[in-house]
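What follows is a short report on a single structure.
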Amino acid sequence: MLPSKPELSGTIGAVSATHWLASNAGMRILENGGNAFDAAVAAGFVLQVVEPHFNGPGGDVSIVALPAGAQDAAEICGQGPMPRAATPRAFADLGLDHIPGSGLLPACVPGAFGGWLRLLAEFGTLRLADVLAPAVTYAEEGYPLLPETAHAADVLAPLFSTEWTGSGQIYLTNGAAPKAGSRFRNPALAQTYRQLIKEAEAASADREAQIEAAHQAFYQGFVAEAIQRFLDGGPQLDATGRRHHALLTADDLAAWRPSVATATARPYGPYRIHKPGPWSQGPVFLQQLALLEGFDLAGMEPGSADYLHTVVECAKLAFADRDAWYGDPAFTDVPLADLLSDDYARERRTLVGPEAVNELRPGTPGGRSPWLPGAASEPEPDISGLTDAWREQLRNGLPTILKATTAKGDTCCVTVTDRHGNTVAATPSGGWLKSSPAIAELGFPLGTRGQTMYLAEGHPNSLAGGKRPRTTLSPTVVQRDGRPHLAFGTPGGDRQDQWTLQFFLGVTAFGLDLQAATETLAFHTDQVPASFTPHQSRPGVVVVEENCAAETVAELTRRGHRVERVPAYSLGRVCVTGLGTDGLVRAAASPRGRQPYAVCG
């Protein structure tokens, strides 16, 4: 089947993002002389405005950046840590055995704004006002509201009207949600951006000093003060069905800065793949490739049972290691060198047989013994003390606070490559409008990434004050023969590094162009415990798009997989840019969701 559109190419630069307005904003930056990093920051800020159900300034971002001529990529960690007061004892004192998926208790330090600023400061060339201008315009003058945003606001309207009233001030008019496609404005967010620019420009005429002043204004100035006022205003309803105060304080914001480090890398044939470290799930992509090196993928049909079985069984092994071993390396000794070694991959590869194995099998890197906390039971909301109306809504699921305000995979992506070879991939997420009450005077809610941590002590991803939750955000940058080659990513929570792997194998094993590779059959295993509360898994389940051949489904079933089919072209939204050996930039975007767009100039 031919791809829906061609792979794009150009001479100035390429941008691919999960919203067309973000792609356009990034392209305008490139055309006006900015580099790939400037363009990514501008696109990232636009995504905060136009995809508020998927990300926001109060959320987080993971970035991998490869400057032209560099051999090593940099990782920028825009994942804020948990508050210093967040400990297992603090939750036990509240009578909780899990971190709820919504409300104020799972709130981390907002990392997205700081992460984008760090990218601009370290690798960009433009001023803050230049890269924020498109986002300010869309927030102030309006943009067409996505159907998903309108649906979320509509489902949550009762919550926004009676409990999360700051969200209601932004997203409701006379108690009603805006319509899909209508022109929507967020003047409070526009004013927040404008005030950040104003304070930056008042501090200095120097570009770097302005960026630093904006960081200070956000994390120690008026934004932090507004956040503290909001948190002091009282408890908020969350997924437990009860109201809780936040553990986060302005002091937590003031103590944090985004980090820059050398990205984790591993070779794969002529390629070198760069990922964020084990504070994310990024290395699991590299572990899957290490396992797959021992199989003749090119000799398999891309939609065959042999191919799907091999990829899925390797994913199960790699993700079992993710769950057993990954966590914030500032708090835990992650055996990453052993996990990525050739010897370890050879040992683990022998576990891949002709039949499905439907249990988690983490390895023993360096002779260490693994431990998995296991899934929590599905928590039931406590409806005591709520009004009769809220009891009915909680029981009937309109909206169910537990499900409708707990996001699982709501993420954005932006990738940029410029004509000089500067390459960057970023996955912003968190600060979802459905996960936490919005701060009306700022125009955005806080993130809830803390829900990914375990309250059981002794695990690499166990909760501790000041510790980063292990994030699912996992952008990828690739070199070929030492030269910039690809930058890609996708929304999708735990499944990001399965869907992007399939895209990458489409290019490397089957010789597809970038656009065709974004449109290949997508699939994933749900045997992996979810990162998000309550960390549930579905052993043996392989989810495939319905255009998977019937004979493939039958053979996978015979091998012991529990196959579930979902609508065609419904899994993932891969965005990719790159640089060819001919010096032309290239780009593609998945047609899934009818929303991601690639632009070349």
Side-chain angles (χ1 to χ4, degrees), residues 2-20 22-44 63-74 119 123-126 268-274 413-426 475-490 500 503-520 573-591 596-601:
L2 292 174
S4 63
K5 50 192 172 183
E7 174 187 275
L8 304 180
S9 60
T11 58
I12 297 173
V15 185
S16 183
T18 47
H19 196 290
W20 62 90
S23 298
N24 184 56
M27 194 66 234
R28 290 205 309 267
I29 292 289
L30 293 175
E31 290 172 339
N32 290 331
N35 66 18
F37 312 114
D38 299 316
V41 176
I63 304 170
V64 178
L66 180 66
Q71 288 306 300
D72 293 318
L119 177 64
F123 303 110
T125 63
L126 299 183
Y268 179 72
Y271 306 97
R272 190 165 183 247
I273 297 92
H274 304 263
C413 178
V414 58
T415 68
V416 188
T417 302
D418 66 28
R419 60 184 172 182
H420 307 293
N422 296 306
T423 305
V424 58
T476 310
V477 166
V478 178
Q479 294 165 301
R480 179 170 185 171
D481 298 324
R483 294 170 51 84
H485 185 52
L486 295 174
F488 54 87
T490 183
T500 54
F503 157 79
F504 184 62
L505 294 177
V507 174
T508 58
F510 303 116
L512 300 178
D513 71 32
L514 300 186
Q515 185 60 43
T518 71
E519 300 187 24
T520 55
R573 297 178 180 180
V574 174
C575 298
V576 56
T577 61
L579 188 67
T581 56
D582 55 4
L584 294 176
V585 293
R586 290 180 165 83
S590 170
Y597 265 78
V599 183
C600 272

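As the structure is a computational prediction, the values presented were derived from the model and not from experiment.
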Side-chain heavy-atom pair Val41, Ile29 within 4.5 angstrom cut-off: no
Any His420 side-chain heavy atom under 4.5 Å of Pro67 side chain: no
Partner residues of Ala516 under the side-chain contact (heavy atoms from CB on, under 4.5 Å) criterion, sequence neighbours left out: Pro3, Leu512, Asp513
Smallest separation among heavy atoms of Ala426 and Pro475, with atom names: N-CB, 3.9 Å
Hey, can you pull the donor-acceptor pairs under 3.5 Å for the side chains in residues 9-18, sequence neighbours left out?
{"unit_1": "Ser16", "atom_1": "OG", "unit_2": "Val576", "atom_2": "N", "d": "3.4"}
{"unit_1": "Ser16", "atom_1": "OG", "unit_2": "Ala588", "atom_2": "O", "d": "2.8"}
{"unit_1": "Thr18", "atom_1": "OG1", "unit_2": "Glu51", "atom_2": "OE2", "d": "2.8"}
{"unit_1": "Thr18", "atom_1": "OG1", "unit_2": "Cys413", "atom_2": "N", "d": "3.2"}

Nearest-0.5 Å distance, CG of residue Leu8 to OG1 of residue Thr577: 11.0 Å
Heavy-atom pair of closest approach, residues Thr423 and Pro484: OG1-CB, 3.7 Å
Spatial distance of atom OG1 (Thr508) from atom CG (Leu486) [nearest 0.5 Å]: 9.5 Å
Criterion side chain to side chain contact (heavy atoms under 4.5 Å, CB included) on Val599 and Asn24, from CA distance to verdict: CA-CA 7 Å; Val599 183; Asn24 184 56; 5.5 Å; no
Partner set under side-chain contact (heavy atoms from CB on, under 4.5 Å) for Asn35, not counting sequence neighbours: Phe37, Asp38, Thr125, Asp418, Asn422
All side-chain hydrogen bond (donor to acceptor under 3.5 Å, both in side chains) counterparts of Thr476, not counting sequence neighbours: Lys275
Residues that Thr490 engages under side-chain hydrogen bond (donor to acceptor under 3.5 Å, both in side chains), provided they are two or more places apart: none
Partner set under side-chain contact (heavy atoms from CB on, under 4.5 Å) for Ala73, not counting sequence neighbours: Val64, Leu66, Ala263, His274
Heavy-atom closest contact (Thr518 atom, Phe503 atom, distance): N-CD1, 3.8 Å
Approximate separation, where rounding is to 0.5 Å, of Phe123 CZ and Ile63 CD1: 9.5 Å
Those residues that, when tested against Arg272, pass side-chain hydrogen bond (donor to acceptor under 3.5 Å, both in side chains) (two or more places apart): Asp72
Residues which pass salt bridge (Lys or Arg N to Asp or Glu O under 4.0 Å) with Arg28, listed by chain and number, not counting sequence neighbours: none
All side-chain hydrogen bond (donor to acceptor under 3.5 Å, both in side chains) counterparts of Ser23, not counting sequence neighbours: none
Closest contact, heavy atoms only, Thr415 versus Ala425: CG2-CB, 4.0 Å
Sequence-distant partners of Asp582, salt bridge (Lys or Arg N to Asp or Glu O under 4.0 Å), two or more places apart: Arg586
Partners meeting side-chain contact (heavy atoms from CB on, under 4.5 Å) with Pro6 (sequence neighbours left out): none
Nearest heavy atoms of Cys600 and Ala587, plus distance in Å: SG-CB, 3.8 Å
Minimum heavy-atom distance between Gly580 and Arg483, given as atom pair plus value: O-NH2, 4.3 Å
Results of ring pair (Phe, Tyr, Trp, His ring centres under 6.0 Å) for Tyr271 - residues two or more places apart only: His485, Phe504
Spacing of Phe488 atom CZ and Thr417 atom OG1 [to the nearest 0.5 Å]: 11.5 Å
